[in-house]
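Chain naming here is simple, since letters A, B, ... match the order of the sequence lines and numbering starts at 1 in each.
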Protein chains: 2
Amino acid sequence: MISIGELARRAQCTVPTVRYYESIGLLPKAQRREGGNRAYDRADLARLNLIRRCRDCDIPIERIRDLVSLSEGQRPCGETIAFFEEQRRVIKSRIDALRDLDLTLSLHLQSCESSCLPNGEPCGIFDELQA
Amino acid sequence: MISIGELARRAQCTVPTVRYYESIGLLPKAQRREGGNRAYDRADLARLNLIRRCRDCDIPIERIRDLVSLSEGQRPCGETIAFFEEQRRVIKSRIDALRDLDLTLSLHLQSCESSCLPNGEPCGIFDELQA
DNA sequence: CTTGAACCTCAAGTTACTTTAGGAAGCACA
DNA sequence: TGTGCTTCCTAAAGTAACTTGAGGTTCAAG
């Protein structure tokens with residue numbers, strides 16, 4: 001059994017975030033010690049880790065709720081596979097968008113760096129962006 | 001001079017979003033027609049386009065405020081380049097996190113698909129995820 | 001000149017948290 | 001046993017970046 005602080009540390013999130021997840025029912029109500037402090041076990045950490053992995057990738061909480069209930073309900077494989085595949089599609093399109101933006105930024109950086117004067121005067125980087 | 005609807009359409013955002021940007025001072029107070037409707041010109045569109053590009057990249061509004069004042073103040077290139085490079089770092093780490101999650105999902109999908117029974121009964125896909 | 005789309009303001013709702021206020025619990029060490 | 005100090009507790013309010021809703025006005029087409 002570990003404390004909420006230890007749990008948060010291991011799952012790389014903050015203590016209030018853990019309490020918040022409990023308050024919205026994404027984590028089950030935690031067990032309590034004598035004095036009232038929350039206590040967690042390995043399964044809690046596993047579940048929080050799963051949630052955090054997903055949140056780091058901006059999967060909305062409602063979708064994570066689906067995932068968790070899928071994992072608990074022992075649903076047939078088909079549903080689970082479909083869910084995972086859908087998430088992979090979302091992830092893929094997000095990666096594509098980010099790569100695209102990165103390319104744009106790198107092009108603007110290049111043009112800035114090549115047209116910049118050594119004295120550090122402003123170049124035309126914003127002219128293009130605002131055109 | 002174009003209407004707020006036309007402006008929003010061209011900058012790929014919604015009308016309320018434009019009004020919101022004005023309300024927080026990210027866009028200057030719009031000119032008005034006789035009846036009170038907002039009217040915009042090319043410069044407004046340029047500025048909104050810049051803002052939207054950045055927001056698509058999840059650059060927070062406070063940072064865009066910095067950028068706008070950077071572009072208006074004709075600051076030296078160094079600052080601008082540093083800003084863009086920082087944004088590229090943010091994008092890169094976000095892509096890495098997404099790729100990582102995608103890999104995890106694909107591994108679980110594989111193990112699910114290979115251990116699944118043809119009748120669609122649940123397999124152990126979540127056992128690993130929650131371990 | 002009327003009708004429907006687009007516009008207006010102001011207020012409240014949304015998501016996923018964080019921050020604040022005001023205490024109580026737990027643990028070291030003197 | 002007392003005295004700190006960190007960690008914990010709850011409840012409420014704040015934050016970012018918008019979206020949605022209510023209730024009313026303006027504008028362009030027919």
Report summary line: Rounded to whole Å, the CE-P distance (B:M1 to C:dC7) equals 15 Å
Requested in this report: Write down the distance between CG (B:D56) and C1' (D:dC18), rounded to a whole number of angstrom.
Outcome: 14 Å
Query raised in the report: Are any of B:T14's side-chain N or O atoms less than 4.0 Å away from OP1 or OP2 of D:dC18?
Result: no
Report task. Could you tell me whether a side-chain N or O of A:D41 sits under 3.5 Å from a main-chain N or O of A:D44, the two making a donor and an acceptor? Result -> yes
Requested in this report: Please state whether the phosphate of C:dC7, meaning OP1 or OP2, lies under 4.0 angstrom from any side-chain nitrogen or oxygen of B:S3.
Outcome: yes
Query - Nearest-Å distance for atom pair CD1/P, residues B:I51 and D:dA17 - result: 12 Å
Requested in this report: May I ask you to verify if any side-chain N or O of A:R19 is less than 4.0 angstrom from the OP1 or OP2 atom of D:dC9?
Outcome: yes
Requested in this report: Return the 5'-most residue of the pair B:E34, B:I61 with respect to DNA chain D, ranking by each residue's nearest nucleotide.
Outcome: B:I61
Report summary line: Between CG of B:N37 and C1' of D:dT26 the distance, given in whole Å, is 6 Å
Query raised in the report: Roughly how far, to the nearest 0.5 Å, is the CD atom of B:Q87 from the CD1 atom of B:I91?
Result: 7.0 Å
Query raised in the report: Do the side-chain N or O atoms of A:R38 get closer than 4.0 angstrom to the phosphate oxygens (OP1, OP2) of D:dC9?
Result: yes
**Report entry** Sugar-phosphate only, base, or nothing, as touched by B:I4 at under 4.0 Å among non-hydrogen atoms
**Finding:** sugar-phosphate
Query raised in the report: D:dA16 C1' sits how many Å from B:R63 CZ, rounded?
Result: 16 Å
Requested in this report: Using the closest heavy atom to pick a nucleotide of DNA chain C for each, name whichever of B:G36 or A:E62 lands nearer the 5' end.
Outcome: B:G36
Query raised in the report: Are any of A:R32's side-chain N or O atoms less than 4.0 Å away from OP1 or OP2 of D:dT10?
Result: yes
Report task. Indicate whether OP1 or OP2 belonging to D:dC18 is found under 4.0 Å from a side-chain N or O atom of B:Y21. Result -> yes
Query raised in the report: Mind checking whether A:R47 and A:L26 have side chains closer than 4.5 Å, heavy atoms only?
Result: no
Requested in this report: Give a yes or no on this: more than 12 heavy atoms of other residues, nucleotides or ligands lie within 6.0 Å of atom CD of B:Q31.
Outcome: no
Query - OP1 or OP2 of C:dT15 under 4.0 Å from side-chain N/O of A:R55 - result: no
Query raised in the report: To the nearest Å, how far apart are A:I24 CD1 and C:dT14 P?
Result: 14 Å
Report task. May I have the distance from A:I64 (atom CD1) to C:dC17 (atom P), rounded to whole angstrom? Result -> 8 Å
Query raised in the report: How many Å lie between CD on B:E22 and C1' on C:dC7, as a whole number?
Result: 13 Å
Requested in this report: Would you tell me if any nitrogen or oxygen in the side chain of A:R52 comes within less than 4.0 Å of OP1 or OP2 on C:dC17?
Outcome: yes
Report task. Considering just the side-chain nitrogens and oxygens of B:T17, establish if one lies under 4.0 Å of OP1 or OP2 belonging to D:dT19. Result -> yes
Query raised in the report: Taking the nucleotide of DNA chain C with the closest heavy atom to each, which residue, A:D58 or B:E6, is nearer the 5' end?
Result: B:E6
